[in-house]
There are 2 protein chains.
Amino acid sequence: MGQVPAATRTLRVLKFLAAQPAPVSLGRLAAACDLPRSTAYHLLAAMVDEGFVVHLPDEHRYGLGVAAFEVGSGFSRQEPLQRLARRQLADLVDATGESAHLVALHGRDVLYLVEERAPGRPPLVTDVGVRLPAHLTASGRAILASLPAAQVRALYPDRSAFVDRHGVGPRSLSALRVLLAETRQRGYATEEGEVTPGLASIASAVLDHNGHPVAGLAVTYTPGGGAASPDPVVAAVRRTAAAVSRRIGGRTAG
Amino acid sequence: MGQVPAATRTLRVLKFLAAQPAPVSLGRLAAACDLPRSTAYHLLAAMVDEGFVVHLPDEHRYGLGVAAFEVGSGFSRQEPLQRLARRQLADLVDATGESAHLVALHGRDVLYLVEERAPGRPPLVTDVGVRLPAHLTASGRAILASLPAAQVRALYPDRSAFVDRHGVGPRSLSALRVLLAETRQRGYATEEGEVTPGLASIASAVLDHNGHPVAGLAVTYTPGGGAASPDPVVAAVRRTAAAVSRRIGGRTAG
DNA sequence: CAGAACCGTCTCGGATACGAGACTCCCCCT
DNA sequence: AGGGGGAGTCTCGTATCCGAGACGGTTCTG
């Protein structure tokens with residue numbers, strides 16, 4: 001648990017609360033975060049004081065407070081990932097002649113953070129701020145492939161999680177697992193026509209310093225559309241993802 | 001600092017980072033949060049591990065990480081305040097026959113969280129998700145009036161912070177201070193035609209258990225428009241705000 | 001080139017924060 | 001009524017986390 005248990009636990013509690021659809025009781029929280037009861041009270045009291053948690057006395061529940069919201073929008077305002085990746089994405093576009101983008105995983109969706117369009121390329125459905133189902137996009141698959149299996153399972157508890165856009169793509173957890181295993185084996189993620197018919201993508205994950213994915217980075221192109229073999233694109237995408245990973249002190253994938 | 005210093009400090013660091021327009025150096029952070037340097041490293045290491053902070057090694061800066069974003073959107077998903085206040089707002093609308101809403105302060109803006117329209121009343125410019133300058137709205141003024149003076153000053157560092165919509169409203173920090181002092185004296189906040197000409201509002205703040213405002217609650221009406229004196233509305237607004245405050249374990253204002 | 005300023009890492013001893021546990025309410029069962 | 005489960009609060013001793021400080025590296029700056 002590192003060197004600052006109280007801090008780590010506080011953050012874990014925050015993440016746990018953020019993952020809940022509704023405020024939870026202290027019992028569930030303590031159990032889920034593996035906290036002694038008295039410690040849970042200490043922590044929650046501090047979090048309430050700082051406005052990160054609201055206590056709902058007559059429901060015996062704890063929910064997220066407005067400070068949590070402020071922190072979240074602070075991320076959007078600072079755009080640390082955008083700041084880091086924009087230049088590298090532009091270089092990638094120059095090198096490949098194709099459009100590139102950066103996404104973050106958000107629940108089961110990918111959220112487009114940066115988009116660099118190649119001149120003379122068709123506009124994409126994607127745009128900054130747009131969300132798409134992660135399991136259908138190359139960048140989403142790159143992220144999912146770097147997650148522990150347990151987390152993927154938690155994200156996709158049943159078949160209803162597998163929406164599709166054009167009748168293609170995985171429809172079950174086992175199908176997704178096969179896809180992600182192939183992705184890891186291959187060393188990069190792909191998608192062909194599953195987001196937009198006629199367009200394909202190649203993606204790789206940006207990893208932080210303990211190998212957890214923080215973003216996905218992809219190039220979208222028209223397969224067979226005059227472009228040469230995708231091999232140089234693959235190399236460029238992987239190189240760029242590794243470069244961005246390095247800039248956040250992360251490991252380089254694979 | 002309560003009983004769990006490490007947790008409290010972690011949260012303070014998060015709030016500080018969230019308030020910065022760009023990633024900051026460790027020196028500035030340690031100074032601003034009044035942390036010993038080595039402690040700051042301990043904390044940041046834990047926060048980086050949990051994904052709440054990104055370290056940008058070649059800029060010597062620390063910024064918010066994706067976990068911060070997830071926590072923020074967790075608040076939006078849970079809607080703890082909305083959950084608490086919706087019913088009370090509906091009762092308020094029934095009692096007054098006027099439209100009512102709940103807002104949170106976000107930077108210098110108020111963000112509309114819940115809106116209950118009274119039947120047969122004109123639609124408002126406000127709608128859930130809309131932002132308006134806090135110093136022009138009644139609910140924003142109610143919140144600002146409950147904040148320590150130092151925080152108000154920090155929010156409005158210079159005249160450029162004072163945008164206006166219809167040429168009315170405070171244009172300087174001192175004018176705002178007078179307005180807020182009047183508000184405190186009066187016991188509730190008002191606004192007349194500063195958001196939309198021809199409409200006025202009466203508001204009161206929702207306070208948490210240490211008296212900090214977490215939301216503002218207002219009724220909007222047409223002044224002199226056939227309605228009786230605003231006194232019963234004032235009483236109803238204050239009663240509702242106190243009721244919501246109580247539901248989050250807060251103090252009742254005044 | 002010297003010096004200052006800052007960043008990141010590490011060590012280690014003392015103050016203290018954390019966790020076991022006891023206690024009280026309150027609510028929901030039979 | 002009696003019993004059980006869970007919430008909230010408090011105490012207290014000790015294992016352990018925090019902070020002073022030293023060290024090395026790098027970047028400015030005069």
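Chain naming here is simple, since letters A, B, ... match the order of the sequence lines and numbering starts at 1 in each.
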Original post:
How many Å lie between CG on B:L43 and C1' on C:dG8, as a whole number?
Top reply: 16 Å
**OP:** Report, as yes or no, whether the 6.0 Å neighbourhood of atom CZ on A:R28 holds more than 12 heavy atoms from other residues, nucleotides or ligands.
**Re:** no
**OP:** Could you say whether B:S38 or B:G27 is positioned toward the 5' end of DNA chain C, judged by the nucleotide with the nearest heavy atom to each?
**Re:** B:G27
**OP:** On DNA chain D, check which nucleotide each of B:T39 and A:H42 is closest to and give me the residue with the more 5' one.
**Re:** A:H42
Original post:
With nearest nucleotides of DNA chain C determined for A:P36 and B:P5 from heavy-atom distances, which residue corresponds to the more 5′ nucleotide?
Top reply: B:P5
Subject >> Separation of D:dA7 P from A:Y62 OH (nearest whole Å) >> reply: 9 Å
Subject >> Polar side-chain atom of A:K15 near backbone of B:F52 as donor-acceptor pair, under 3.5 Å >> reply: no
**OP:** Measure from CZ on A:R9 to P on C:dA17 and round the result to the nearest Å.
**Re:** 15 Å
**OP:** Please state how far atom CG in A:L35 lies from atom P in D:dA7, giving the value in whole angstrom units.
**Re:** 14 Å
Subject >> Between C1' of C:dG8 and CG of B:D58, the distance in whole Å >> reply: 14 Å
**OP:** Tell whether B:R37 reaches the base of C:dG8 with its side chain through a donor-acceptor pair below 3.5 angstrom.
**Re:** yes
**OP:** Using atom CG of B:D34 as one end and atom P of D:dA20 as the other, report the distance to the nearest whole Å.
**Re:** 10 Å
Subject >> Sugar-phosphate only, base, or nothing, as touched by B:R28 at under 4.0 Å among non-hydrogen atoms >> reply: nothing
Subject >> Integer-rounded Å distance: D:dG8 P and A:L29 CG >> reply: 11 Å
Subject >> Side-chain N,O (A:H55) to OP1/OP2 (D:dG8) below 4.0 Å >> reply: yes
Subject >> Basic-acidic side-chain contact under 4.0 Å: B:E59, A:R247 >> reply: yes
**OP:** Have a look at A:R61 and say if it touches a base, only the backbone sugar-phosphate, or nothing, with a 4.0 Å heavy-atom cut-off.
**Re:** nothing
**OP:** Check the side chains of A:S146 and A:H212 for a donor-acceptor pair under 3.5 angstrom, ignoring hydrogens and angles.
**Re:** no
Original post:
Is the closest side-chain donor-acceptor distance between B:H209 and A:D49 under 3.5 Å?
Top reply: yes
Original post:
Counting only side-chain N and O atoms of A:Y41, is one of them less than 4.0 Å from OP1 or OP2 of D:dG6?
Top reply: no
Original post:
Roughly how many Å is it from CD in B:E59 to P in D:dT26, rounded to a whole number?
Top reply: 19 Å
Original post:
So, is A:H60 near the phosphate of D:dG8, with a side-chain N or O under 4.0 Å from OP1 or OP2?
Top reply: yes
